[in-house]
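Quick notes on the structure that follows.
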Protein chains: 2
Amino acid sequence: MSAPFCASQTFSADCPSRLLFDQIADKWSMMVLKVLDDGPLRFNTIKRSIEGITQKALTQCLRRLERNGLLERRVIPVSPVAVEYEISPLGRSLQKPFAALYGWTLENMEAVETAREAFDARQGAAIAAE
Amino acid sequence: MSAPFCASQTFSADCPSRLLFDQIADKWSMMVLKVLDDGPLRFNTIKRSIEGITQKALTQCLRRLERNGLLERRVIPVSPVAVEYEISPLGRSLQKPFAALYGWTLENMEAVETAREAFDARQGAAIAAE
DNA sequence: CCGTATCCAGCCCGATACTG
DNA sequence: CAGTATCGGGCTGGATACGG
């Protein structure tokens, strides 16, 4: 067993999970997968579902997700062209860990906010004391 | 209940979980928390545990984690100064969803790699066909 | 040892315009 | 409708030097 699986407490640069993590944990992927949870959607429908995403960012995100096998892109030859995006089984398997993370943010954002205010107060006091 | 909790299938720009997600899902946070899993460590020990991280990046990451209440920073007044970082209960609660995500990457990176090769082959073929 | 400060290159991202 | 192409500014991230 010599695979670089980031054993114990060191993360080598060539650990595959690091490379993969960068691919899936970007700003938009989690939301895109969640939006596609209960059925295929078209490009602009997805875009409208995620406030603030630009066309370019969504295109890039969808391409990466498709390349990594997390969703499937299907062109429907009508006029004007329609394109459907559907989550793949692999993508569906990723939703569970994503849901856990999303749940954590909902449960703990108040605690984080409190910590943040305390930290900023400490910083402010430290600066004022100079 | 009118809080903007990203109900159903739309993600509004002011959804708190979006803001929080950006804070915790950066390139290094997950690894830092994992490294601190079984006890406090000092700055350079953490740095050596994560290959490729720069001093600046680690400093920024630790600051953000501290600000969000996920770890505690303790200065030990010896000479030269020693600083210990210890995961907080809040940070510990985040390890579980992180572990799920990390586990997913380990389990599925082969499938992703296969999908990636298939995608690239399709792209190559499409370009060659022009 | 544990940082902060500064500088600079690279890329990312949004805005815009255009195509099939 | 679903993209691609291009361009410019901002922000990040690395290298280096310095301070407590």
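Residue numbering restarts at 1 for every chain, and letters A, B, ... go by the order of the sequence lines.
dG3(D) atom P lies 9 Å from atom CD of Glu66(A), rounded to whole Å. One can place NZ of Lys27(A) at 11 Å from C1' of dG14(C), the figure rounded to the nearest angstrom. Taking atom CD1 of Ile46(A) as the reference point, atom P of dA2(D) lies 9 Å away to the nearest angstrom. One interatomic measurement links the two molecules: CZ of Arg48(B) to P of dC1(C), which rounds to 7 Å at whole-angstrom precision. In this entry the distance linking CG of Leu58(B) with P of dT4(C) reads 11 Å, nearest Å. For the pair Asp26(B) CG and dT12(D) C1', the interatomic distance rounds to 12 Å; values are reported in whole Å. Residue Gln60(B) contributes atom CD, which lies 11 Å from atom C1' of dT4(C) at whole-angstrom precision. Regarding Leu62(A), its CG atom lies at a distance of 11 Å from the C1' atom of dA2(D), rounded to whole Å.
Listed candidates were dT4(C), dG14(D), dC13(C). Nearest to the side chain of Thr54(B) is dG14(D). The listed nucleotides are dG14(D), dG14(C), dG3(C); the one nearest the side chain of Arg63(B) is dG3(C).
One N or O on the side chain of Ser88(A) and one on the backbone of Gly69(A) form a donor-acceptor pair closer than 3.5 Å. Of the possible polar contacts, none joining the Arg42(B) side chain to the Tyr85(B) backbone as a donor-acceptor pair under 3.5 Å is found. The backbone N or O of Ala82(B) sits nowhere less than 3.5 Å from a side-chain atom of Arg74(B) that would complete a donor-acceptor pair. Remark: the backbone N or O of Ala25(B) is not paired with any side-chain donor or acceptor of Ser29(B) at under 3.5 angstrom.
Comparing Lys56(A) and Val83(A) against DNA chain D, the residue whose closest nucleotide sits nearer the 5' end is Val83(A).
Both tests hold for Lys34(A) against Tyr102(A): distance to the six-membered ring centre under 6.0 Å, angle to the ring axis within 45°.
The phosphate of dG3(D) (OP1 or OP2) has no side-chain N or O of Thr59(A) nearer than 4.0 angstrom. Phosphate contact (OP1/OP2 of dG3(D), side-chain N/O of Arg73(A), threshold under 4.0 Å): present. Between Arg42(B) and dC2(C), a side-chain N or O to OP1/OP2 separation shorter than 4.0 Å is present. Not one side-chain nitrogen or oxygen of Tyr85(A) sits closer than 4.0 Å to the OP1 or OP2 atom of dC1(D).
Tracing side-chain contacts under 4.5 Å through hydrophobic residues (I, L, V, M, F, W, Y), one reaches Leu58(A) starting from Phe98(A); they form part of the same cluster. Both Leu36(A) and Val75(A) are assigned to one and the same hydrophobic cluster, defined by single-linkage of ILVMFWY side chains at heavy-atom distances under 4.5 Å.
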Between the protein and nucleotides 17-20 of chain D, are there any N/O to N/O pairs under 3.5 Å, and if so, what are the atom names and distances?
none

